[in-house]
Amino acid sequence: MGKESDLSNRINQKYAGMSKGQKRLAAYITDYYDQAVFLTAEKLGEAVGVSESTVVRFASSLGYKGYPGFQRALEELVQGKLTSASRGDAASVRIRQPKVLETVLKSDAENITSTLERIDPAVFELAVDTILQAKNIYVIGIRSCAPLAGFFAFYLNLMFERVHLLGTNSFSEILEQMVRIGTEDVIVGISFPRYSMRTLKAIEFANHRNARVITLTDSVHSPMNLYSSCNLVANSALVSIADSLVAPLSVINSLIVALSMKKPREVADTLETLEHVWGEYQVYETDEIDPVRDFVQPYDFGKTGDSI
């Protein structure tokens with residue numbers, strides 16, 4: 001492993017056995033490594049709400065010679081990652097204006113190809129089966145991942161009765177929305193660098209309540225996988241001010257298609273009902289595309305009644 005991943009790997013390997021205070025430190029460093037690198041042990045403790053001695057013990061537990069050794073490792077981590085501003089500068093140098101469209105689309109295509117090579121089909125099928133068997137389905141994605149979570153939850157609602165999209169700036173409100181999560185339920189956590197501490201805490205809470213946890217993230221070393229029994233990995237690399245979420249969206253699309261093929265009648269019935277409601281309340285004009293007809297004809301539900 002390269003130097004930039006050494007600290008992250010140590011945190012991932014030790015996380016399960018950490019105290020609550022140490023876990024808070026690990027989450028803070030994961031989310032705010034570019035700020036933590038400038039803090040003394042005392043200031044880092046104040047930022048997280050733990051004592052200076054807890055910070056020093058945390059550094060030692062990761063195998064570093066006190067806080068100075070830990071801070072050097074943190075500096076190496078920061079050097080290996082680009083800030084948003086420097087990523088934008090790098091992109092402007094690497095991508096010439098006439099080639100922006102071609103370069104970005106090719107990069108997205110490469111991310112999808114790489115994801116197809118890396119993702120485990122057995123894990124994908126496990127994710128599908130886990131969602132199918134769940135009593136309640138919770139979906140969480142924060143900040144740039146919020147559109148992915150919303151997109152997924154929208155289509156899950158067409159197939160399942162109890163879908164909960166967790167979305168708020170307050171972690172206490174997220175816990176309130178999850179207060180009834182239990183062994184019959186599943187949570188899908190979506191997070192890519194920089195990883196969301198709120199998403200990590202949500203799946204940690206779900207795991208402690210013995211719910212099933214599915215993650216969609218960028219690496220097997222992602223902290224999102226610490227509490228997950230089903231880890232879906234998708235590439236998100238793009239050197240610019242925004243990471244590419246095209247490959248993660250493709251994985252979500254694949255989940256939606258796989259689930260709809262398992263529940264064809266429920267999907268068709270829901271869309272038929274929606275079409276009636278849309279017509280009754282004039283949601284769409286009559287010249288809009290008919291989503292029900294387009295969905296039903298390829299699978300021939302109305303004619304044969306056969307499931308896929």
Side-chain angles (χ1 to χ4, degrees), residues 8 12 26-34 81-84 87-88 104 107-108 111-112 114-115 118-119 123-124 127-128 130-131 137-157 163-175 177-178 181 185-207 211-257 259:
S8 297
N12 292 345
Y28 183 88
I29 290 163
T30 298
D31 266 359
Y32 305 108
Y33 55 84
D34 54 344
K81 297 180 181 290
L82 292 169
T83 65
S84 295
R87 289 165 71 183
V104 172
S107 176
D108 283 339
N111 280 334
I112 293 176
S114 179
T115 296
R118 295 173 63 197
I119 200 166
V123 174
F124 178 83
V128 171
T130 301
I131 293 171
I137 304 167
Y138 295 82
V139 183
I140 183 169
I142 303 296
R143 300 176 69 178
S144 63
C145 292
L148 294 178
F151 180 87
F152 193 29
F154 175 84
Y155 285 99
L156 288 174
N157 267 309
V163 177
H164 310 272
L165 176 61
L166 306 175
T168 175
N169 290 325
S170 167
F171 179 64
S172 63
E173 291 181 10
I174 291 176
L175 290 181
Q177 294 172 22
M178 298 174 61
I181 195 170
D185 304 325
V186 63
I187 184 170
V188 181
I190 306 170
S191 190
F192 290 82
R194 297 164 52 182
Y195 306 109
S196 166
M197 185 163 60
R198 280 173 286 163
T199 301
L200 178 63
K201 284 181 169 289
I203 61 178
E204 178 183 9
F205 176 75
N207 179 70
R212 301 296 296 273
V213 177
I214 298 171
T215 55
L216 176 58
T217 187
D218 69 312
S219 168
V220 293
H221 301 298
S222 166
M224 295 299 120
N225 295 335
L226 292 169
Y227 300 102
S228 172
S229 58
C230 185
N231 309 321
L232 298 170
V233 176
N235 277 26
S236 64
L238 179 65
V239 179
S240 76
I241 62 169
D243 286 313
S244 171
L245 297 178
V246 171
L249 181 59
S250 289
V251 174
I252 289 173
N253 270 334
S254 299
L255 288 170
I256 292 168
V257 171
L259 289 165

Passes side chain to side chain contact (heavy atoms under 4.5 Å, CB included), Val188 versus Tyr138? Steps please. CA-CA 6 Å; Val188 181; Tyr138 295 82; over 6 Å; no

Considering all heavy atoms, the nearest [X]-[Y] contact:
X: Ala27; Y: Leu200; answer: CB-CD2, 4.3 Å
X: Leu156; Y: Ile131; answer: CD2-CG2, 4.3 Å
X: Leu148; Y: Pro248; answer: CD1-CB, 4.0 Å
X: Gln177; Y: Gly167; answer: OE1-N, 3.7 Å
X: Ala234; Y: Ala247; answer: CB-C, 4.1 Å
X: Asn111; Y: Ser236; answer: ND2-C, 4.3 Å

Test item: [X] and [Y] side chains (from C-beta on) under 4.5 Å apart, heavy atoms:
X: Ile214; Y: Val186; value: yes
X: Leu165; Y: Phe154; value: no
X: Ile252; Y: Leu216; value: yes
X: Ile190; Y: Ile140; value: no
X: Phe192; Y: Cys145; value: yes
X: Ser254; Y: Val257; value: no
X: Asp185; Y: Ile137; value: no

Spatial distance of atom [atom1] ([X]) from atom [atom2] ([Y]) [nearest 0.5 Å]:
X: Leu255; Y: Ser250; atom1: CG; atom2: OG; result: 11.0 Å
X: Ile112; Y: Ser107; atom1: CD1; atom2: OG; result: 10.0 Å
X: Asn207; Y: Leu226; atom1: CG; atom2: CG; result: 10.0 Å
X: Phe152; Y: Leu249; atom1: CZ; atom2: CG; result: 11.0 Å
X: Phe171; Y: Lys201; atom1: CZ; atom2: NZ; result: 5.5 Å

Please determine whether side chain to side chain contact (heavy atoms under 4.5 Å, CB included) holds for the pair Ile187 and Leu166, giving the CA-CA distance in whole Å, both sets of side-chain angles, and the decisive distance to 0.1 Å. CA-CA 10 Å; Ile187 184 170; Leu166 306 175; 4.1 Å; yes

Just to verify, what does Phe151 make a ring pair (Phe, Tyr, Trp, His ring centres under 6.0 Å) with, not counting sequence neighbours? Tyr155

Under 3.5 Å donor-acceptor, [X] side chain and [Y] backbone:
X: Asn157; Y: Ala153; value: yes
X: Asn225; Y: Ser219; value: yes
X: Ser222; Y: Asp218; value: no
X: Ser191; Y: Ser196; value: yes

Whether the Asn231 and Ser228 side chains hold a donor-acceptor pair (N or O, under 3.5 Å, no angle test) is what I'd like checked. yes

Determine whether the side chains of Thr215 and Thr217 contain a donor N or O and an acceptor N or O closer than 3.5 Å.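 The criterion, which ignores hydrogens and geometry beyond distance, is not satisfied for Thr217 and Thr215.
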
Test log, rule side chain to side chain contact (heavy atoms under 4.5 Å, CB included), inputs Ser229 and Arg212: CA-CA 7 Å; Ser229 58; Arg212 301 296 296 273; 3.8 Å; yes

Heavy atoms of other groups near Arg198 CZ, more than 12 under 6.0 Å: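 Yes.
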
Going by the rule side chain to side chain contact (heavy atoms under 4.5 Å, CB included), which residues pair with Ser114 if we only count those two or more places apart in sequence or in a different chain? Arg118, Asn235

Start with the C-alpha distance between Met224 and Thr199, add both sets of side-chain angles, then the distance that settles side chain to side chain contact (heavy atoms under 4.5 Å, CB included), and finish with yes or no. CA-CA 8 Å; Met224 295 299 120; Thr199 301; 3.9 Å; yes

